[in-house]
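Here is how names work: the chains are called A, B, and so on, in the same order as the sequence lines, proteins then strands, and each is numbered from 1. Only a predicted model underlies this, so the values are computations on that prediction, with no experimental measurement involved. Values below: all heavy atoms of this structure, side chains included; hydrogens, waters and symmetry mates excluded.
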2 protein chains.
Amino acid sequence: MGDDTSLNPRHNKAEVFARLRDAHAREVTEDYVEMIGDLIAEEGEARSVALAERFGVTAATVNNTIKRLERDGYVTSRPYRSIFLTEKGETLAKKCRERHRIVYNFLVSIGVDPAVAEFDAEGIEHHVSEETLRVFDSRLK
Amino acid sequence: MGDDTSLNPRHNKAEVFARLRDAHAREVTEDYVEMIGDLIAEEGEARSVALAERFGVTAATVNNTIKRLERDGYVTSRPYRSIFLTEKGETLAKKCRERHRIVYNFLVSIGVDPAVAEFDAEGIEHHVSEETLRVFDSRLK
DNA sequence: ATAGCAATTTAGCCTTGACTAACTTTAAAA
DNA sequence: TTTTAAAGTTAGTCAAGGCTAAATTGCTAT
């Protein structure tokens, strides 16, 4: 606040878009830790090949992404071995899973077809603030 | 359908993520045509400097994006002059503005603070399917 | 024990969308 | 009319997130 653009609220959109760009930067990370968590729960371990199949990307792309997640402290991995979540990754995965659940259930509760809700929730979940999430959740009670 | 992954619905997520990636590719385009439309409506013309200020990016970034929008047929522009929407751009802008309005009004209607709703709508609008949008809209009646 | 296949990694390429720095054009003030 | 500031453009860089092709590793069945 205090800059010239804040005088007119109609023109003060830059912050909104800056936060939007931040959200984008986090999306792939969130989707990966969530999926790695799912794979460990469902299949006992998270392998590159399973991530590639579920995201619909190549193994090379998965490899790149896992390196970045490792660099950023969300996962650990050793060459030719499966992938593990760190504490940090585990925490994020849990938060994302819960958020996904709330968004999905909310959409279904207002009458969206479950298949469509699954689709939309995957995109929407990354852009729902804590406050909006609480409103969604309160509507499920 | 018909591929091996479709046998187990839990594992058939690739299509969801492919559509999510498509949505991302369209987001910047949608935000720009919407903003260009707003600027023309509010100020009579859309200049690079105004786009840069409202999105919170540099003039160089705006320039790059406008070139891409021009390549893709959404806008026309001549060097050192203001930017115009084509028919195609106009149509998209109108659709986006309407979608934004519905998402925003829906969030406010369920109790989200207007400032938060403005924030969240900017991210959510790109990930709401036609069907979910209709459900949102029907709830506003 | 090893041959061969599946999984993983590496290398190199592309586009998008961001940046800075330097340059050019336009338009307004002196 | 000239100077100068604002606006726009260009060039070069970077990271993310895709891809293909080729090399390497690990596992399994013979």
Side-chain angles (χ1 to χ4, degrees), chain A residues 4-5 13-33 35-36 39 43-84 122-123 126, chain B residues 4-5 14-33 35-36 39 43-72 74-84 122-123 126:
Chain A
D4 52 344
T5 64
K13 293 286 197 74
E15 204 197 333
V16 173
F17 290 101
R19 273 176 52 171
L20 195 55
R21 289 189 294 269
D22 285 351
H24 281 151
R26 271 192 301 272
E27 284 187 36
V28 173
T29 296
E30 294 182 346
D31 286 338
Y32 268 70
V33 297
M35 191 69 92
I36 291 166
L39 283 168
E43 306 183 352
E45 63 173 357
R47 307 290 314 209
S48 288
V49 69
L51 287 168
E53 190 240 307
R54 294 205 184 184
F55 285 125
V57 298
T58 63
T61 297
V62 169
N63 210 258
N64 278 342
T65 307
I66 294 301
K67 280 213 195 93
R68 187 163 50 78
L69 295 190
E70 200 163 14
R71 182 200 67 190
D72 295 344
Y74 294 103
V75 305
T76 57
S77 74
R78 293 191 322 291
Y80 299 98
R81 290 286 179 275
S82 67
I83 300 144
F84 301 90
E122 203 60 65
H126 303 287
Chain B
D4 53 342
T5 64
E15 204 196 333
V16 173
F17 290 101
R19 273 176 51 169
L20 195 55
R21 289 189 294 271
D22 285 350
H24 281 150
R26 272 192 302 273
E27 284 187 35
V28 172
T29 296
E30 293 182 348
D31 287 339
Y32 268 70
V33 296
M35 191 70 91
I36 291 166
L39 283 167
E43 306 186 352
E45 62 173 357
R47 307 290 314 208
S48 288
V49 68
L51 288 168
E53 190 239 307
R54 294 204 184 185
F55 285 123
V57 298
T58 63
T61 298
V62 169
N63 211 258
N64 280 340
T65 307
I66 294 302
K67 281 213 194 92
R68 186 163 52 77
L69 295 190
E70 200 162 13
R71 183 200 68 192
D72 296 343
Y74 294 102
V75 305
T76 57
S77 74
R78 293 192 322 291
Y80 300 98
R81 289 287 179 274
S82 68
I83 300 145
F84 300 91
E122 203 61 65
H126 303 287

Nearest whole Å is fine: how far is D:dG26 P from A:E45 CD?
15 Å
By side chain to side chain contact (heavy atoms under 4.5 Å, CB included), A:Y80 pairs with (sequence neighbours left out) none
Classify B:R26 by what it touches in the nucleic acid, base, sugar-phosphate, or nothing, heavy-atom distance under 4.0 Å.
nothing
Integer-rounded Å distance: C:dA18 P and B:L51 CG
12 Å
Which residues, if any, of residues 55-67 of chain A bring a heavy atom under 4.0 Å of DNA chain D?
A:G56, A:V57, A:T58, A:A60, A:T61, A:N64
Would you mind reading off the distance between A:R78 atom CZ and C:dA7 atom P, rounded to a whole angstrom?
19 Å
Quick one: is A:R21 getting a side-chain N or O under 4.0 Å of the C:dA18 phosphate, OP1 or OP2?
yes
A:R71 vs B:S77, nearer the 5' end of DNA chain D by closest nucleotide:
B:S77
Residue list, side chain to side chain contact (heavy atoms under 4.5 Å, CB included) with A:R26, at least two apart or on another chain
A:D22, A:A23, A:E30
Side chain to side chain donor-acceptor pair (under 3.5 Å) partners for A:T76, two or more places apart
none
Between B:E15 and A:R54, is there a side-chain N and carboxylate O pair less than 4.0 Å apart?
no
Starting from the 5' end of DNA chain C, give me the residue, A:A50 or B:D72, whose nearest nucleotide shows up first.
A:A50
In whole angstroms, the gap separating C1' of C:dT9 from CD1 of A:I83 amounts to 12 Å
Applying side chain to side chain donor-acceptor pair (under 3.5 Å), can you list everything that pairs with B:E27, at least two apart in sequence or on another chain?
A:H24, B:H127
Across all chains, not counting sequence neighbours, the side chain to side chain contact (heavy atoms under 4.5 Å, CB included) partners of B:R47 are B:E45, B:V49, B:S82
List for me each residue that meets side chain to side chain contact (heavy atoms under 4.5 Å, CB included) alongside A:D72, sequence neighbours excluded, and say none if there are none.
A:R68, A:Y74
For B:S48, what residues pass the side chain to side chain donor-acceptor pair (under 3.5 Å) criterion, not counting sequence neighbours?
none
Please work out which of the three classes, parallel, tilted or perpendicular, describes the rings of A:Y32 and A:F55, given edges at 30° and 60°.
parallel
Identify the pairs formed between an N or O of the protein and an N or O of nucleotides 22-25 of chain D at a distance under 3.5 Å, and give each distance.
residue	atom	partner	partner atom	Å
D:dT24	O2	A:Y80	OH	3.4
D:dT25	O4'	A:Y80	OH	3.3

Is there a side-chain contact between A:R47 and the phosphate of C:dA7, meaning an N or O under 4.0 Å from OP1 or OP2?
no
Find the distance B:E27:CD to C:dA18:P and express it as a whole number of Å.
11 Å
